[in-house]
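Have a look at the structure below before the remarks.
All chains are named by letter (A, B, ...) in the order of the sequence lines, taking the proteins before the strands, and each is independently numbered beginning at 1. All values below were derived from every heavy atom in this structure, side-chain atoms included, with hydrogens, water molecules and symmetry-related copies excluded.
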Protein chains: 2
Amino acid sequence: MEGESYKTRKVITIGIVSELTGLSERRIRYYEERKLITPERSEKGNRKYSFSDIEQLMDIANKREEGVPTQEIRQDILKEKKKKEEENERDIRKKMLRGQINAQFGLRDK
Amino acid sequence: MEGESYKTRKVITIGIVSELTGLSERRIRYYEERKLITPERSEKGNRKYSFSDIEQLMDIANKREEGVPTQEIRQDILKEKKKKEEENERDIRKKMLRGQINAQFGLRDK
DNA sequence: CGTGTAAGGAATTCTGACACG
DNA sequence: CGTGTAAGGAATTCTGACACG
């Protein structure tokens, strides 16, 4: 519940991402154009990626090798995203329920 | 035993480190000269830092504000490092001992 | 559609040095 | 000692375009 920050923090420039993934900068920018990844931008407009983005890119590269078109990859990504959001919602509901129960029995959070 | 990788992987350029820490690039380079941090280098010679380095830098900045000289900060860092190494050694010994005991009793690792 | 490449400009980073205190 | 700044060059990144298939 915090260790995620290193993984999702957008701080890596495109050159390093290219080294780490083995993809050309051209391809990396193109996948952004096709909305497969969404880097942040620095003040002067330079792209910044997270480790998470890098992993995403490697998945994308694998699928591309199998001939999957970007449009289809995007669908897959959207499904994955939706799935995770639902999981998060379920977790939140669980926690809220637990909170209500604790309140009912006069328990203190700690 | 792997989640460390995001924290210690050296992938962040000095400009971003400067933004994240609020320190000038000049100061960041100087602290390297004084051996308070040790970034890696890209092929063409650009410095690359980890999140860990960034945290280290913020500690350094705090101590500098208190007037602690870099030379003293370096000593502190070395002590910290030694302490952690000893902890690691102890852990390894524990694990080895456990392994021996398991072998003695014919237990399988799994 | 997906990717390479050459093009020109703007921003980044590097080193060594001078400044001040 | 610790940090700022100006200097000049090299490497990085950006965008829009043409190429090919």
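- The interatomic distance linking B/Glu40 (CD) with C/dC14 (P) rounds to 14 Å, in whole Å.
- At a non-hydrogen distance threshold of 4.0 Å, nothing from residues 48-63 of chain A comes into contact with DNA chain C.
- Here D/dT13 presents its P atom at 14 Å from CG of A/Leu23, a figure rounded to the nearest Å.
- Taking B/Gln100 as the reference, nothing meets the side-chain hydrogen bond (donor to acceptor under 3.5 Å, both in side chains) condition, with sequence neighbours excluded.
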Which atom pairs, donor and acceptor, lie under 3.5 Å between side-chain atoms of residues 48-73 of chain A and protein residues at least two apart or in another chain?
residue: A/Ser50; atom: OG; partner: A/Ser52; partner atom: N; Å: 3.3
residue: A/Ser50; atom: OG; partner: A/Asp53; partner atom: N; Å: 3.0
residue: A/Ser50; atom: OG; partner: A/Asp53; partner atom: OD2; Å: 3.2
residue: A/Asp53; atom: OD1; partner: A/Lys10; partner atom: NZ; Å: 3.3
residue: A/Asp53; atom: OD2; partner: A/Lys10; partner atom: NZ; Å: 3.0
residue: A/Asp53; atom: OD2; partner: A/Ser50; partner atom: N; Å: 2.9
residue: A/Glu55; atom: OE2; partner: B/Tyr6; partner atom: OH; Å: 2.3
residue: A/Asn62; atom: ND2; partner: A/Met58; partner atom: O; Å: 3.3
residue: A/Lys63; atom: NZ; partner: A/Asp76; partner atom: OD2; Å: 3.4
residue: A/Arg64; atom: NH1; partner: A/Val68; partner atom: O; Å: 2.8
residue: A/Thr70; atom: OG1; partner: A/Arg34; partner atom: NH1; Å: 2.8

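- Judged as a ring pair (Phe, Tyr, Trp, His ring centres under 6.0 Å), not a single pair has a partner in residues 63-95 of chain A (not counting sequence neighbours).
- Every residue was checked against the salt bridge (charged side-chain N to carboxylate O under 4.0 Å, His left out) condition with A/Arg90, not counting sequence neighbours, and none meets it.
- Qualifying side-chain hydrogen bond (donor to acceptor under 3.5 Å, both in side chains) partners for A/Glu32, counting only residues two or more places apart in sequence or in other chains: A/Arg47.
- Note on B/Thr13: a side-chain N or O is less than 4.0 Å away from OP1 or OP2 of C/dT13.
- Summarising the geometry, the separation between CG on B/Asn46 and P on C/dT12 is reported as 13 Å, rounded to the nearest angstrom.
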Tabulate below the donor-acceptor pairs under 3.5 Å that side-chain atoms of residues 12-19 of chain B make, not counting sequence neighbours, or state none.
residue: B/Ser18; atom: OG; partner: B/Leu23; partner atom: O; Å: 2.7

Inset, instruction - Under 3.5 Å for both distances, Watson-Crick or G-U wobble, that's the pair rule; now give the dot-bracket for DNA chain C, with | marking pairs to another strand and [ ] for crossing ones. - result: .||||.||.|.|.||.||||.
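- Between the CD atom of B/Glu43 and the P atom of C/dT13 there is a distance of 17 Å, given to the nearest Å.
- Counting only residues at least two apart or on different chains, no ring pair (Phe, Tyr, Trp, His ring centres under 6.0 Å) pair has a member in residues 55-82 of chain B.
- Side-chain heavy-atom separations under 4.5 angstrom define the hydrophobic clusters, and the remaining members of the one that includes A/Met96 are A/Ile92.
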Legend entry - Contact state string [nucleotides 2-7 of chain D, B base, S sugar-phosphate only, - no protein heavy atom under 4.0 Å]: BBBB--
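- Close to D/dT12, at under 4.0 Å from its OP1 or OP2, lies a side-chain N or O of B/Lys44.
- When the P atom of C/dG16 is taken as reference, atom CZ of B/Arg29 falls 12 Å away, rounded to whole Å.
- Of the N and O atoms on the side chains of A/Arg27 and A/Tyr31, at least one donor lies less than 3.5 Å from an acceptor on the other residue.
- Checked against salt bridge (charged side-chain N to carboxylate O under 4.0 Å, His left out), A/Arg29 has the following partners two or more places apart in sequence or in another chain: A/Glu25.
- To the nearest 0.5 angstrom, A/Ile77 atom CD1 is 9.0 Å from A/Arg74 atom CZ.
- The separation between A/Arg41 atom CZ and C/dT12 atom P is 13 Å, rounded to whole Å.
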